[in-house]
Number of protein chains: 2
Amino acid sequence: MQGQAATVRFASLARLKRDDIRALREMAGPTSRYPAGSFLQVAGSPVSDPMLLLDGWAISSLDVTEGGRQIVKVHMPGDLVGLTSLPFTTCVDTVIALNDVQVCTVSQAAIGKLFHNNARLAALLFLISLEERVMLADRLVMVGRTATSQRIAALILQLRDRMLRSDPSIGLSFRFPLTQLHVADMIGVTTVHVSRIVQELANEGLLKWERGKVTILDIKALQLWVGTTSRELVQEPTWLPLP
Amino acid sequence: MQGQAATVRFASLARLKRDDIRALREMAGPTSRYPAGSFLQVAGSPVSDPMLLLDGWAISSLDVTEGGRQIVKVHMPGDLVGLTSLPFTTCVDTVIALNDVQVCTVSQAAIGKLFHNNARLAALLFLISLEERVMLADRLVMVGRTATSQRIAALILQLRDRMLRSDPSIGLSFRFPLTQLHVADMIGVTTVHVSRIVQELANEGLLKWERGKVTILDIKALQLWVGTTSRELVQEPTWLPLP
DNA sequence: CGACTTCTTGAGGAGACTCAAGGGTGGTGG
DNA sequence: CCACCACCCTTGAGTCTCCTCAAGAAGTCG
């Protein structure tokens with residue numbers, strides 16, 4: 001049960017062997033639940049064990065001295081939360097639950113054992129973290145070099161793509177648990193500006209955003225507008241260690 | 001010889017055992033040199049083997065559809081170039097040599113073997129890639145949420161810190177192989193604006209920038225101005241697999 | 001000595017910000 | 001069941017950062 005979400009994530013790059021799946025399940029520690037708004041991790045506190053997000057969404061953000069924040073990642077079920085802090089002595093980011101979430105801890109020791117006992121899964125974990133680094137680079141490009149309307153459109157399309165991975169049945173209209181403040185904090189503008197640009201996008205017949213729900217009206221035009229850079233994941237890299 | 005640069009990089013997180021060092025040297029393939037301005041890798045081309053940068057600097061950038069580019073990383077000796085493209089079928093970024101460089105290839109197969117034969121080094125490689133992801137997140141914060149003068153100051157301080165890692169002897173005045181265009185492409189503004197802000201920083205007695213050479217005039221004030229978020233690397237993580 | 005590339009300077013304009021106030025919506029308690 | 005509060009979104013006016021365009025100066029390389 002607990003390994004389910006993680007399994008999906010790992011399997012995006014290579015088919016898992018029976019042993020792989022067993023190893024993943026064994027890594028998972030006790031499960032716990034937190035209500036919406038909970039702090040799952042606080043930047044600056046000592047690094048503890050990473051967590052596997054089983055259900056619900058969460059955001060990672062870094063604080064800016066002057067009182068703003070930049071959201072660096074939206075976590076969805078299957079994501080490992082707190083991994084990025086591993087190389088450091090204190091937590092890098094603050095993680096907040098967007099809705100009610102369910103997590104289980106994955107101890108640092110378990111990760112060490114993974115590298116020792118299952119080179120194949122360890123390599124997959126490495127690849128996943130590289131993929132996330134690229135997603136971050138894409139966001140940087142977006143924030144540094146595109147107009148706000150493109151950023152908003154790109155963000156919505158990306159999040160929908162990630163939702164599609166775990167639920168291929170969602171259509172052009174879907175629940176969207178981020179507020180405009182969250183989006184503003186992700187793309188580096190103010191809420192006021194997000195509000196205005198969302199209206200523009202609506203006026204142009206591209207998308208509609210009503211409290212907690214987004215409807216894409218013209219997905220072709222939207223993709224064209226953001227200048228879609230689709231990246232294809234490699235399947236079964238030849239160099240992966242065998243199980 | 002060839003493993004030298006990489007050794008330094010890995011050793012930032014944990015002391016290397018004799019076997020570790022031997023394993024690193026064995027990974028390195030043939031060495032080659034490229035003149036300044038060479039394309040070491042082109043975004044969109046099929047993924048080939050990563051390279052270990054032995055000497056010289058290089059930049060990774062992503063292209064924007066409208067004709068701009070965003071530089072996502074400055075590579076220095078010891079950095080593995082092209083790793084980020086591993087999870088994908090085509091290269092993610094374009095890598096250009098800033099000055100004359102020397103590289104050696106590190107085949108994908110060698111990386112696979114590393115995971116298989118040396119769990120400890122593999123885990124260190126994983127940690128290094130996590131660290132780079134955090135550096136990217138920091139850049140995102142900078143681009144998304146701070147004034148241009150802070151971005152420039154932060155960039156210069158960061159690059160100097162990285163130079164210090166390999167050469168503890170550099171002082172407050174040092175060679176700086178990036179042009180203002182490069183800096184502009186890193187922080188998401190135009191050269192024109194960079195030029196003006198650099199002059200402001202000079203007028204305020206913070207730093208001086210003359211073609212290829214930067215002098216920090218008041219490092220305390222500069223660090224204060226950027227709101228220094230120094231991160232301390234963990235030493236000898238307890239969970240690392242033993243050799 | 002040209003031909004580049006890099007950096008500088010000026011003027012005008014657009015995008016995004018700040019501040020401030022008001023309207024919805026959902027939740028909570030009396 | 002209604003009143004109230006907290007949070008989210010909207011709207012307007014004025015301001016500032018940063019951009020664009022354009023031209024020129026200062027190095028740099030063949």
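Chain A is the first sequence line, chain B the second, and so forth, proteins listed ahead of strands; every chain is numbered from 1. Any value given below was found using the heavy atoms of this structure, including those in side chains, with hydrogens, waters and symmetry copies removed.
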Problem set entry | Integer-rounded Å distance: C:dC7 C1' and B:Ile152 CD1 | 13 Å
For this session: Establish, with yes or no, whether the OP1 or OP2 oxygen of C:dT8 is under 4.0 angstrom from a side-chain nitrogen or oxygen of B:Ser195.
Result: yes
Problem set entry | The single option from A:Asp79, A:Thr31, A:Leu80 passing side chain to side chain contact (heavy atoms under 4.5 Å, CB included) against A:Leu52 | A:Leu80
For this session: Please tell me which of A:Arg211 and A:Thr146 maps to the more 5' nucleotide of DNA chain C, matching each residue to the nucleotide holding its nearest heavy atom.
Result: A:Thr146
For this session: Using atom CG of A:Leu98 as one end and atom C1' of D:dC8 as the other, report the distance to the nearest whole Å.
Result: 15 Å
Exercise. D:dG12 base to A:Arg196 side chain: any donor-acceptor pair below 3.5 Å?
Worked result: yes
Exercise. Roughly how many Å is it from CG in A:Asn203 to P in D:dT10, rounded to a whole number?
Worked result: 11 Å
For this session: Please determine if A:Asp138 and A:Arg231 form a salt bridge, counting it only when a charged side-chain N lies under 4.0 Å from a carboxylate O.
Result: yes
Exercise. Over how many whole Å does the gap from A:Ile197 atom CD1 to C:dA16 atom P extend?
Worked result: 6 Å
Exercise. Can you check the B:Gln180 CD to D:dT28 C1' distance for me, whole Å?
Worked result: 16 Å
Problem set entry | Integer-rounded Å distance: C:dT5 P and B:Asn99 CG | 18 Å
For this session: With heavy atoms under 4.0 Å as the rule, sort A:Thr148 into base, sugar-phosphate or nothing.
Result: sugar-phosphate
For this session: Taking the side chain as every heavy atom from C-beta outward, state whether B:Phe174 and B:Asp167 have any atom pair closer than 4.5 Å.
Result: no
For this session: Examine C:dT9: is either OP1 or OP2 under 4.0 Å from a nitrogen or oxygen in the side chain of B:Gln199? Give yes or no.
Result: yes
Exercise. For the side chain of B:His193, counting heavy atoms from C-beta on, which of D:dC9, C:dA16, D:dC18 is nearest?
Worked result: D:dC18
Exercise. Over how many whole Å does the gap from A:Arg145 atom CZ to C:dG15 atom C1' extend?
Worked result: 15 Å
For this session: Tell me what B:Val194 touches on the nucleic acid: a base, only sugar-phosphate, or nothing, going by heavy atoms under 4.0 Å.
Result: nothing
Exercise. NA contact type, B:Val198, heavy-atom cut-off 4.0 Å: base, sugar-phosphate, or nothing?
Worked result: nothing
Exercise. Which atoms form the tightest heavy-atom contact between B:Ile59 and B:His75, and what is the distance?
Worked result: C-CD2, 4.2 Å
For this session: Return the nearest nucleotide to the side chain of B:Thr179; candidates are C:dA20, C:dA16, C:dT6.
Result: C:dT6
Problem set entry | Distance in angstrom units between A:Leu181 CG and D:dT10 C1', rounded | 15 Å
Exercise. Between B:Thr190 and D:dC19, is there a side-chain N or O to OP1/OP2 distance below 4.0 Å?
Worked result: yes
Seminar exercise, completed: From the list B:Val92, B:Asp93, B:Leu136, side chain to side chain contact (heavy atoms under 4.5 Å, CB included) with A:Val134 holds only for B:Val92
